[in-house]
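Each chain gets a letter, A, B and so on, in the order its sequence line appears, and its residues count up from 1. Please read these numbers as outputs of a predicted model, since none were measured by experiment.
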There are 2 protein chains.
Amino acid sequence: MALKKEITIYDIAREAGVSTATVSRILANSAGVKQDKRDRVQAIVDKYNFKPSAIARGLSETHSRLLGMLCPDVRNAYYANIFMECERMAYDKNYTLVLNNTFTQESLEIAFMEKLSEQRVESLIICGGIADWRPLPARYRDTVERFAKRIPVVVAGKMELDDCYQIFIDHAEGMRAAVRHLATLGHKRIAFLHGYSFIYQTQDKLEAFRRALEEQNLPLCKEYIVDAGEFNEHGGLVGMKRLLSLAEPPTAVIATNDLMAAGALQAILRLGYSVPEDFSIVGFDDSFITDLTEPHISSVHYDYAAYAEKLISTALSAIAGRPCARTVVLPTSLTVKESCRKIDA
Amino acid sequence: MALKKEITIYDIAREAGVSTATVSRILANSAGVKQDKRDRVQAIVDKYNFKPSAIARGLSETHSRLLGMLCPDVRNAYYANIFMECERMAYDKNYTLVLNNTFTQESLEIAFMEKLSEQRVESLIICGGIADWRPLPARYRDTVERFAKRIPVVVAGKMELDDCYQIFIDHAEGMRAAVRHLATLGHKRIAFLHGYSFIYQTQDKLEAFRRALEEQNLPLCKEYIVDAGEFNEHGGLVGMKRLLSLAEPPTAVIATNDLMAAGALQAILRLGYSVPEDFSIVGFDDSFITDLTEPHISSVHYDYAAYAEKLISTALSAIAGRPCARTVVLPTSLTVKESCRKIDA
DNA sequence: TAAAATTAATTAACCGGTTACACATAAATA
DNA sequence: TATTTATGTGTAACCGGTTAATTAATTTTA
């Protein structure tokens with residue numbers, strides 16, 4: 001069964017004794033229609049609760065008012081935040097945002113792009129996934145580039161392709177702030193728990209971590225940089241255990257996201273130590289997760305609403321042919337909570 | 001600027017020297033086209049990477065292959081889980097799921113329904129929000145009922161309206177299991193931390209809590225039922241503090257969701273007690289949150305994939321005019337983790 | 001009051017696909 | 001070989017809106 005027979009603009013026009021053009025003008029609220037007809041038609045529209053088909057309108061106006069978004073997994077608070085803000089923003093601009101979860105599978109990412117292309121989305125917003133990988137897989141790169149030639153592609157992340165817009169967070173700045181904060185508290189042995197090293201975020205943070213230690217005149221200890229692989233609390237737990245088993249463990253640890261920070265906290269607590277008394281912890285993302293643990297975790301904070309605003313306004317500007325920045329870098333701030341403490345000299 | 005001029009089926013047909021009907025048949029892979037033409041056309045399609053417009057197809061076939069979903073906020077892990085599973089399932093069936101975050105604002109919920117109606121979604125899936133309220137606001141009820149007369153409305157929750165399908169979780173069963181588990185461990189003083197009392201889930205859980213205590217021959221202490229208002233960790237923290245200040249505090253607490261359970265855990269730890277040594281905790285939802293705290297929290301578990309499967313298959317069956325159950329109740333199970341402990345008699 | 005200018009409403013083409021129907025051509029049967 | 005049947009392809013109508021061009025109605029001006 002197809003849709004139940006929907007009422008159309010023809011039905012309204014017939015019942016009102018006017019042409020479809022007139023009904024269309026009334027619905028679009030354009031000038032040049034007499035009030036009496038306006039009222040008559042409106043009454044019929046209300047009576048049937050008629051809503052003009054966006055599909056027919058889309059075909060006629062050759063635009064869909066659809067925006068596509070790709071993200072690995074909305075269950076991840078980071079993507080949920082971005083999506084939610086973007087969805088709200090798109091709605092305000094009378095656009096609909098369609099989200100697809102790709103689970104960072106190249107074939108799925110490409111399949112979704114093709115599908116969104118069929119839906120005639122007017123712009124594509126890519127959040128993470130394969131886009132974060134370095135180097136970028138060739139087939140993926142080609143697909144995105146081909147796509148970007150037809151419609152504006154906005155990457156919520158770093159990705160320098162010719163026709164793309166990139167809007168990303170200044171992780172280096174966040175890392176610098178985290179290290180500075182810990183150094184100011186007197187910490188000299190600071191560790192960094194990171195995830196996949198083949199994504200640019202990890203690479204940027206690592207580089208920034210090294211530089212920040214230099215800036216603070218702190219030595220770089222290779223054992224304090226641990227690749228926890230998994231991006232979740234389990235990775236954090238395992239990584240932290242390794243750090244704690246060192247002859248001279250660090251006194252503070254920076255985790256590449258809040259999930260890992262929570263895992264690190266668990267490792268510390270399980271071994272009978274406490275936070276912040278024995279160890280200080282800083283995470284990244286400042287998601288609600290930081291308030292679920294005891295103690296709450298200090299974290300590098302992003303302004304998701306501002307991020308979404310940039311993403312959507314770039315997409316809409318590009319669609320409208322208005323010039324807009326090819327690259328936007330978003331600042332971070334450090335949200336200080338109970339997981340850090342001054343160290344006695 | 002509208003979309004860049006897209007290539008159409010006419011362009012393909014012209015270049016291949018065939019009619020659009022033939023191209024359409026080839027794209028749809030329907031029989032009755034000679035292989036040589038097939039190959040010739042396909043080559044041109046591939047050359048331009050032509051994707052037929054879903055908008056034009058939708059208009060012609062009078063269907064959108066769109067499903068609409070309403071939820072309060074995807075940042076909430078519960079909704080993120082349902083959405084993610086549904087999105088994946090819909091994709092498998094060649095449908096696209098459009099999600100709108102309503103923040104449980106009646107006006108927004110209604111506005112989104114109207115908008116989805118314009119998009120000609122073939123079915124609407126409502127997850128929580130105003131749908132959970134008891135009593136149901138009249139205007140909301142009317143809107144949903146009107147909607148349900150046109151397309152299948154599937155409620156992920158309890159909502160008995162004439163033309164709707166309702167698929168909900170058996171919270172009462174979950175509560176019974178939680179109480180039974182705690183009682184078996186020897187707990188006699190069990191508290192229940194709940195949220196908004198104007199939603200059916202709270203009402204169902206409360207009722208089930210009372211009955212379960214009876215079943216276990218445990219006395220019902222009014223002070224052990226606390227309305228924490230807010231559904232988050234702060235509500236849990238405040239509610240638990242109140243319980244801890246009682247002359248005779250409970251030894252176990254059931255929280256209406258994991259967020260509140262995490263808050264309750266914080267309250268306990270802050271006052272210097274420990275879990276599970278001094279108090280046992282059980283949450284609801286069994287989200288990833290339960291693994292972020294130390295200790296991990298036992299929680300009433302739902303099978304989100306099964307939930308999504310029911311939701312989507314009901315929607316698609318109803319769209320297809322196939323008969324399907326008006327009401328489906330989903331079972332729960334209890335995931336036991338470290339937050340509960342046997343009490344010495 | 002007639003002509004000109006303005007405003008209101010209609011007609012019909014168009015958007016880009018699908019598909020019922022008509023028509024040719026080829027293969028099977030008489 | 002003539003006739004029937006099957007197969008392949010094209011024509012054109014349709015889906016439900018928008019809008020340019022056109023015509024009709026009204027108001028203004030001469």
Side-chain angles (χ1 to χ4, degrees), chain A residues 2-42 44-45 48 50-66 94 117-122 150, chain B residues 1-42 44-45 48 50-66 94 115 117-122 150:
Chain A
L3 257 52
K4 284 196 198 68
K5 184 73 185 145
E6 298 273 353
I7 189 163
T8 74
I9 201 170
Y10 291 91
D11 302 322
I12 303 288
R14 189 177 334 107
E15 185 159 337
V18 298
S19 71
T20 61
T22 301
V23 177
S24 181
R25 284 202 193 86
I26 291 170
L27 290 172
N29 224 293
S30 33
V33 183
K34 280 209 175 161
Q35 196 57 44
D36 62 325
K37 280 199 208 279
R38 260 207 155 70
D39 296 341
R40 186 144 47 94
V41 170
Q42 192 60 53
I44 297 169
V45 166
Y48 294 110
F50 170 70
K51 297 267 172 288
S53 157
I55 297 179
R57 174 179 293 153
L59 183 58
S60 157
E61 294 182 343
T62 56
H63 71 215
S64 61
R65 299 204 81 80
L66 245 40
N94 200 24
S117 170
E118 284 193 16
Q119 327 249 51
R120 296 294 189 262
V121 294
E122 296 179 41
R150 304 207 297 126
Chain B
M1 180 185 79
L3 259 50
K4 284 195 197 70
K5 185 71 184 146
E6 298 273 353
I7 189 163
T8 72
I9 201 171
Y10 290 92
D11 303 321
I12 303 289
R14 190 177 333 107
E15 185 159 338
V18 297
S19 72
T20 60
T22 301
V23 177
S24 180
R25 285 195 193 96
I26 291 169
L27 290 172
N29 222 294
S30 34
V33 182
K34 280 209 176 159
Q35 196 56 43
D36 62 325
K37 281 197 208 279
R38 257 206 156 71
D39 296 341
R40 184 145 46 93
V41 170
Q42 192 60 55
I44 297 170
V45 165
Y48 293 111
F50 170 70
K51 296 267 172 291
S53 158
I55 297 179
R57 174 179 294 153
L59 183 58
S60 157
E61 294 182 342
T62 56
H63 71 216
S64 61
R65 300 203 81 81
L66 245 41
N94 199 25
K115 183 147 193 191
S117 170
E118 284 193 15
Q119 327 249 51
R120 297 293 188 263
V121 294
E122 295 178 41
R150 302 208 296 126

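Using a 4.5 Å heavy-atom cutoff, the side chains of A:Ile9 and A:Phe50 are in contact. Within the 4.5 Å cutoff, side-chain heavy atoms of A:Asn29 are placed close to those of A:Arg38. Side-chain contact check for A:Arg57 versus B:Glu118: some heavy-atom pair is nearer than 4.5 Å. Two residues are said to be in side-chain contact when any heavy atoms from C-beta on lie closer than 4.5 Å; B:Asp11 and B:Thr8 meet this criterion. The shortest distance between side-chain heavy atoms of A:Asp39 and A:Gln42 does not fall below 4.5 Å.
Among the heavy atoms of the strands lying under 4.0 Å from B:Val18 are primed sugar atoms or P, OP1, OP2 only; no base atom is included. Residue B:Gly32 is in base contact, counting any heavy-atom pair closer than 4.0 Å across all strands shown.
Identified under the salt bridge (Lys or Arg N to Asp or Glu O under 4.0 Å) test for residues 15-24 of chain B, with sequence neighbours left out: B:Glu15-B:Lys47.
Mapping A:Asp36 and B:Ile9 onto DNA chain C via the closest heavy atom, the residue that lands nearer the 5' end is A:Asp36.
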Margin query: For a quick check, with a 4.0 angstrom heavy-atom cut-off, what is the B/S/- contact string for nucleotides 19-28 of chain C, read 5' to 3'?
Written below: BB--------

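In the helix from C:dT1-D:dA30 to C:dA30-D:dT1, the terminal helix axes, each the rotation mapping four pairs' C1' atoms onto the next four within five end pairs, subtend 50°, rounded to 10°.
Note: B:Arg40 CZ to B:Ile12 CD1 = 13.0 Å, rounded to the nearest 0.5 Å.
Residues passing the side-chain contact (heavy atoms from CB on, under 4.5 Å) test with A:Leu59, sequence neighbours excluded: B:Ile55, B:Ala56, B:Leu59. Not counting sequence neighbours, B:Ser53 has no partner by the side chain to side chain donor-acceptor pair (under 3.5 Å) test.
In summary, contact between chain A and DNA chain D, defined as any nucleotide atom under 4.0 Å from a heavy atom of the protein, begins and ends at D:dG16 to D:dT26 in the 5' to 3' direction.
Using a 4.0 Å cut-off between charged side-chain N and carboxylate O, A:Glu6 and A:Lys51 make no salt bridge.
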